[in-house]
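Naming convention: chains lettered A, B, ... in sequence-line order (proteins, then strands); numbering from 1 in each chain.
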Number of protein chains: 2
Amino acid sequence: MSTIPQWVKNLKPAGPQGTELLQQERNKSSVDVEQLSNFLFTKDGLARKQRVLEILQNDKVFDKSQNYFAGRVDRFETALARAKKLRQLHIKHNFSQDDKMVANELISEPGPYGLHESMFLITLRDQGTPEQHEVFLRKAEQYKFIGCYAQTELGHGSNVRGLETTATWNSDDKTFTIHSPTLTSSKWWIGSLGRTANHAVVMAQLIVDGKPMGPHPFVVQIRDMESHQPLENIHVGDIGPKFGYNTMDNGYLLFNKVKVPHISMLARFSSVDPKTGKYARPASPSLVYGTLTWVRSTIVMQAGGVLARGVTIATRYCAVRRQFQDRDAPEWQKGENQVMNYTTVQVRLLPLLATTFALHFTGKAMMALYAASQSKMSQDAGKAGGPQRGAGPEETNAGSDLLADLHATSCGLKSLASYTAVEGLEICRRACGGHGYSSFSGIGPWYADYLPTATWEGDNYMLTQQVARYLLKTARSVLKGVDPNTNDTTLILSTFLARQDTGAAFDVLGNDSDIVAAFAWRASFLTFEALKHRDEQKKPWNSLLVDFYRLSRAHSQYMIVKNFYETLQSSSPAQEGMGTETLDIMHKLFRLYALHTLEQEASEFYTSSAVTVRQIQLARANAVMKLLEEIRPHAVRLADAWAFPDWQLDSSLGRYDGKVYEDMFYRASEQNPLNRVTIDPYPDSPTLFKANEAAALKSRL
Amino acid sequence: MSTIPQWVKNLKPAGPQGTELLQQERNKSSVDVEQLSNFLFTKDGLARKQRVLEILQNDKVFDKSQNYFAGRVDRFETALARAKKLRQLHIKHNFSQDDKMVANELISEPGPYGLHESMFLITLRDQGTPEQHEVFLRKAEQYKFIGCYAQTELGHGSNVRGLETTATWNSDDKTFTIHSPTLTSSKWWIGSLGRTANHAVVMAQLIVDGKPMGPHPFVVQIRDMESHQPLENIHVGDIGPKFGYNTMDNGYLLFNKVKVPHISMLARFSSVDPKTGKYARPASPSLVYGTLTWVRSTIVMQAGGVLARGVTIATRYCAVRRQFQDRDAPEWQKGENQVMNYTTVQVRLLPLLATTFALHFTGKAMMALYAASQSKMSQDAGKAGGPQRGAGPEETNAGSDLLADLHATSCGLKSLASYTAVEGLEICRRACGGHGYSSFSGIGPWYADYLPTATWEGDNYMLTQQVARYLLKTARSVLKGVDPNTNDTTLILSTFLARQDTGAAFDVLGNDSDIVAAFAWRASFLTFEALKHRDEQKKPWNSLLVDFYRLSRAHSQYMIVKNFYETLQSSSPAQEGMGTETLDIMHKLFRLYALHTLEQEASEFYTSSAVTVRQIQLARANAVMKLLEEIRPHAVRLADAWAFPDWQLDSSLGRYDGKVYEDMFYRASEQNPLNRVTIDPYPDSPTLFKANEAAALKSRL
């Protein structure tokens, strides 16, 4: 590596040093970081994170220093080594599921075992019979079978019913023939399939007596247990580089009339009788609500933490970075101004800071609601079923009003939360100015890996149709006079109907509960507007998709505002030891999130006459700007409360100690492989890299 | 590479084939692609592109097939080989500057000679004396000196005055001492510096007799002409991987009291007399307006083409991709629906399609205005000066009212246009659903490389202050009664003042010129609002930055709407052979861009009472949705008019022939190096890649 001369080693950044600046930031705020961290993650959660962190940091396979430099093949090789090691540590330290989750959060990269450890195991467990558990699940738990979940196809994403892969029942020899009739039927995007899996759960159209029975899951061996080469008549591989997620081997898979035994079809919910060849119908799809709702609630809660990484990095860096002078500053303080002091930076970062908490609390509340509903659900429809991704379940009716409400809500929130995290991360990256573009910012690579969340578990646009469909259905029942207290949606829609003529006069600038009511009003207004278009004006469904998207967003924003408000109102902050000073700042963050959103969506709020034009102008010109000023001094501590170890953030700009420039320079000059090569720059010379250097490089591999 | 079995080779995508679908799209539209292409690029321009394309395609060094797979070091090596070859072709085929530009557009990746061929040569030419041209420029033109432009520092971006690097005049031996006093003074982000340049134009604070004279340019040799090793007391290297732009070696540079001769200071505009040691003041900074304005106008025009790449890819793919069925479709046509038929897709893509033309025409108009003003400018301030990046020039007063107007306008438009292209490309990528995430979409990598445009040539947020400052200044002069016809800004502000009390009643839904007037009205309203805040209410500058950002955006949107409208009104479309049918569609695109923008910015339009709430509701519910329906059938042909060769797009999804799935599969299975390795997947085995494979891999380098 390039040797750094002494005169360079002696250089310091121009003062004041980042460390001093961050210390000043922390000194001037009264936010109790520990209290807030405990409230967000509990003491146990934080202790767990620390314990696992030490284990990982002591193992050099998890050293991150080359992550931003390595190419695809090298990164995958490292990710595989890490996956294996993590599995060994899991056994050695007898990790719990929570320990495992925390480890993956800290490592912060998708790994080759990712889909084996999630969808493959879950599907075998939830959709397999006891016999199938013996044959498949046991070996999978021992990592003898390493699997993936093969549903999406080259030509078919969200629309599961459109899958082309077939599984035809052969009554003569009691087998199924798995076949890929077209190129578009090739399985595609399947995580852990490209190079890693030796088995796959394949979603295929079951055909019995020439009749299609819809998509069903089949367990199929795809690679030899010894040589790991693909089996005959199976074509499998990695689908190539992506915008991110390149430590994962997303794969493709094609079958040429491959026969599998009767036991391959996961038969807990539907099956083909081997003797009679009769097909038994699946149990009510409503039983898969649970898993789907749970997965989406997780995405909502995680979205807060995902965004918080970017906010933490940008907030710390914008407190260290100084550019230009304040035009109005008196002569005696004409030093360069911290970027965080510019309102154009505050207006981008601080609402996002508020959003991280809003999403975290909302996800938490959703999961609590889900847990509460579990028992009810099992009464409704037997034990909770396994997840069947895609649109299938959304197409069906609610298992119960409460569940349907929770399910629809989770669709809209998943869409809004993942969208918000994606957009927010990029805003944070840009708020870091030029250096945000460097991989060392730590935001870009993280953003790139998170991006697909906006597409999987239901495309963010597709999902909003489910929400709209549910809200229209509920509005119809409200018009028919259903009990307002059936669930929260019936309640706000009934309230709107009752007050519709007397009109709304919400004091959004003076009263927090009125803010929540205003969001409920706007969502209800849009619901009945959409209902008018569809039921009275008989407009085509397709012509209303844009309205539906807006409606879903409005309803989800109401849910977030409501959950944020109720979390702060509840007794839990006090019970869990949050002091009034910290709680007071949290209330300001609630108002900032709500009023900033209201201002962004202004036209929907005044057309629904939830608020007046004047109120919106005041919210923009006064309320929001004042809140920015009040929250500004606490920004760094509020970010600190998210408790990200530097090792997890892996960011020069987001270092807790503010040594931004030292770290940027160290990574560039000492860790950068490109600096190992000397080139021949002249156009007429054929040499590119000087020979000796090229050799040095090759030795890398 | 993995051998594809025959049964796989025989597979076709499920019908209808992409080729048929795109053919249908092209058949049902009356847009004359050739007419429109000629209007956008001229016949000569298109012929040039074809000629250069053939030259490049016939040279295997420009083969793009490994671009998406290679790691940083490999990509840089290839980019260097291409840069050298392009230079050789330049000589062999006697390329013009336009040929060269077209070649770079077709290659579509930043290269190691990038900054040598732009800023280094330009600066030597524009800021060097005849003597310096002999000493430096000649050798640079022969690629003996290969250079870069070293201004930005680790701790200093837009604020040029904050630069820390010093150049101290030594009267005793007639030299300058270039020195980096701190780590933050390290030059950073400097294109072509990391590995390639042997010389640099270094912007440093000139110090004469202990007095700082501000930043000045110095030509400094940094590497040995033979060994290409850094010279003594110079530390230089590549700054590491970035979100994109990884074929470019952005570098860092530190000096330890390096002495350079008197001739090193580029002395056309300011100099130190070697005998007396007297410093001569620079000529009026207004003379650099020209170059800056021209550079920004180019960015505006290019933004249209940059965005058009994403729009072309997404439009073609959304015509090939089919998902779900139209809920309202009759049974007999229950096939899957082209994604482009969903209004949620149309509302994202078609306004962007309109935007590509809006930006192209605006940039073109700006450059025409610039050319027209050249002569006037030279009278004002001698010959046009060289570009001095950063905030310097914006801080100064206008050279002439016309130029000041053009300059301020170009700041706001650069900010809005690059922002719009960046946002738009990502919207296009997501509109491609899951496959948009694959590098083979061609959008992600292109987006990542374009991203920095939002930061350089003036940060998009910083720039808006220049616009606001100018608009406030102009508003003051209008209040003082300056001639309304001084320039366009004085005209719209005067018009607003005159009609302010009688109020506006623009028929934005019925009359195109009223749309332009409404945008002018809103921009003028916001200008006088901001003036009130600053001059009457004496609000701090910093507290108004958010208003200034909104103001700049409003003014720039007015400029775009105005230029789009005037281009279509002018005689040139007809003159250049555009038929009425095509022109009619262009008018619809104008309305779509304008009304969609108006709807997005609704609250500013009604608070300025440029339009009524009712008009906005109608624009949203009727006008825009109707325009989407009318433009939809022409989408593919309108994209075709941008005339991107497949070779340039390098996208599976955007192929002209619609063979999307065949191309995705081919790239994944045949070109993907990761498919060369077989792994050992079991956690308890230490092996990662099977040995022989690892060897095969190494041979890559």
Is Q88(A) reaching over with its side chain to a backbone N or O of A83(A), donor-acceptor style, under 3.5 angstrom?
-> no
Could you check V422(A) against Y447(A) for side chain to side chain contact (heavy atoms under 4.5 Å, CB included), going step by step and ending with a plain yes or no?
-> CA-CA 7 Å; V422(A) 162; Y447(A) 165 86; 3.8 Å; yes
Which portion of S685(A) sits near chain B, non-hydrogen atoms under 4.5 angstrom | both
E164(B) versus T184(B), side-chain donor and acceptor atoms under 3.5 Å = yes
Segment of S543(A) engaging chain B (4.5 angstrom heavy-atom cut-off) = backbone
Point-to-point distance, once rounded to the nearest 0.5 Å, from OG1 of T343(B) to CH2 of W541(A) | 11.0 Å
Where the side chain of S185(A) meets the backbone of T182(A), is there a donor-acceptor pair that is under 3.5 Å apart?
-> yes
Chain B contact via D680(A) - which portion, at a heavy-atom distance below 4.5 Å = both
Under a 4.5 Å heavy-atom cutoff, which of R322(A), K144(A), H116(A), H533(A) has the most pairs with chain B?
-> K144(A)
Per-residue tally against chain B (heavy atom, under 4.5 Å) across R72(A), R195(A), K85(A), K242(A) peaks at R195(A)
Which region of E599(A), side chain (C-beta onward) or backbone (N, CA, C, O), has a non-hydrogen atom less than 4.5 Å from a non-hydrogen atom of chain B, or is it both or neither?
-> side chain
What residue, out of A81(B), G237(B), S438(B), has the most heavy-atom pairs lying under 4.5 Å from chain A?
-> S438(B)
Pairing of E423(A) and R348(A) as salt bridge, 4.0 angstrom limit = no
Between F548(A) and chain B, which part of the residue has a heavy atom less than 4.5 Å away: side chain, backbone, both or neither?
-> neither
K12(A) side chain to L183(B) backbone, donor-acceptor under 3.5 Å | no
Is there a donor-acceptor contact under 3.5 Å linking the side chains of Y68(A) and N672(A)?
-> no
Chain B heavy atoms under 4.5 Å from R223(A): which part of the residue, side chain, backbone, both or neither?
-> neither
Name the region of N250(A), side chain, backbone, both or neither, that has any atom closer than 4.5 Å to a heavy atom of chain B.
-> neither
Going through the distances and angles, do F440(A) and F665(A) end up as a ring pair (Phe, Tyr, Trp, His ring centres under 6.0 Å)?
-> CA-CA 10 Å; F440(A) 305 152; F665(A) 190 81; over 10 Å; no
Do any N or O atoms from the side chain of N256(A) and from the backbone of W7(B) form a donor-acceptor pair under 3.5 angstrom?
-> no
No-hydrogen, no-angle side-chain donor-acceptor test under 3.5 Å, N675(B) and D238(A) = no
Counting only heavy atoms closer than 4.5 Å, note whether M664(A) contacts chain B via side chain, backbone, both or neither.
-> both
In terms of heavy-atom proximity below 4.5 Å to chain B, should E629(A) be classed as side chain, backbone, both, or neither?
-> neither
Can you tell which part of V8(A) gets under 4.5 Å to a heavy atom of chain B, answering side chain, backbone, both or neither?
-> side chain
What part of L674(A) lies closer than 4.5 angstrom to a heavy atom of chain B: side chain, backbone, both or neither?
-> both
R87(A), part contacting chain B, at a heavy-atom distance under 4.5 Å = side chain
So which part of Q617(B) gets closer than 4.5 Å to some heavy atom of chain A, the side chain, the backbone, both or neither?
-> side chain
Determine the option with the most heavy-atom pairs under 4.5 angstrom with chain B, choosing from G434(A), P5(A), S180(A).
-> G434(A)
Among A668(B), G444(B), P241(B), P13(B), single out the residue with the greatest number of heavy-atom pairs under 4.5 Å to chain A.
-> P241(B)
Are Y461(B) and Y342(A) close enough, and set up right, to give a ring pair (Phe, Tyr, Trp, His ring centres under 6.0 Å), and what steps lead you there?
-> CA-CA 11 Å; Y461(B) 277 85; Y342(A) 292 104; over 10 Å; no
Taking Y113(B), Y143(B), F76(B), Y549(B) one by one, which has the highest count of heavy-atom pairs under 4.5 Å against chain A?
-> Y113(B)
Chain A contacts, top residue of L544(B), N233(B), D684(B) (heavy-atom pairs, under 4.5 Å) | N233(B)
Atom pair CZ/CZ of R667(B) and F69(B) - distance to nearest 0.5 Å = 7.5 Å
For P452(B) and Y245(B), which heavy atoms make the closest approach, and how far apart are they?
-> CG-CD1, 4.3 Å
What part of I616(B) lies closer than 4.5 angstrom to a heavy atom of chain A: side chain, backbone, both or neither?
-> side chain
Answer with side chain, backbone, both or neither: which region of R75(A) has an atom nearer than 4.5 Å to a non-hydrogen atom of chain B?
-> neither
Counting heavy-atom pairs under 4.5 Å with chain B, the top scorer among A602(A), A14(A), S603(A) is A14(A)
Proximal component of P181(A), with respect to chain B [non-hydrogen, under 4.5 Å] | backbone
For the residue pair W188(A) and H435(B), categorise the inter-ring angle as parallel (less than 30°), tilted (30 to 60°) or perpendicular (more than 60°).
-> perpendicular
Among D547(B), V347(B), L451(B), residue most engaged with chain A (heavy-atom pairs, under 4.5 Å) | L451(B)
Top of L154(B), I146(B), I239(B) for chain A proximity - count of heavy-atom pairs under 4.5 angstrom | L154(B)
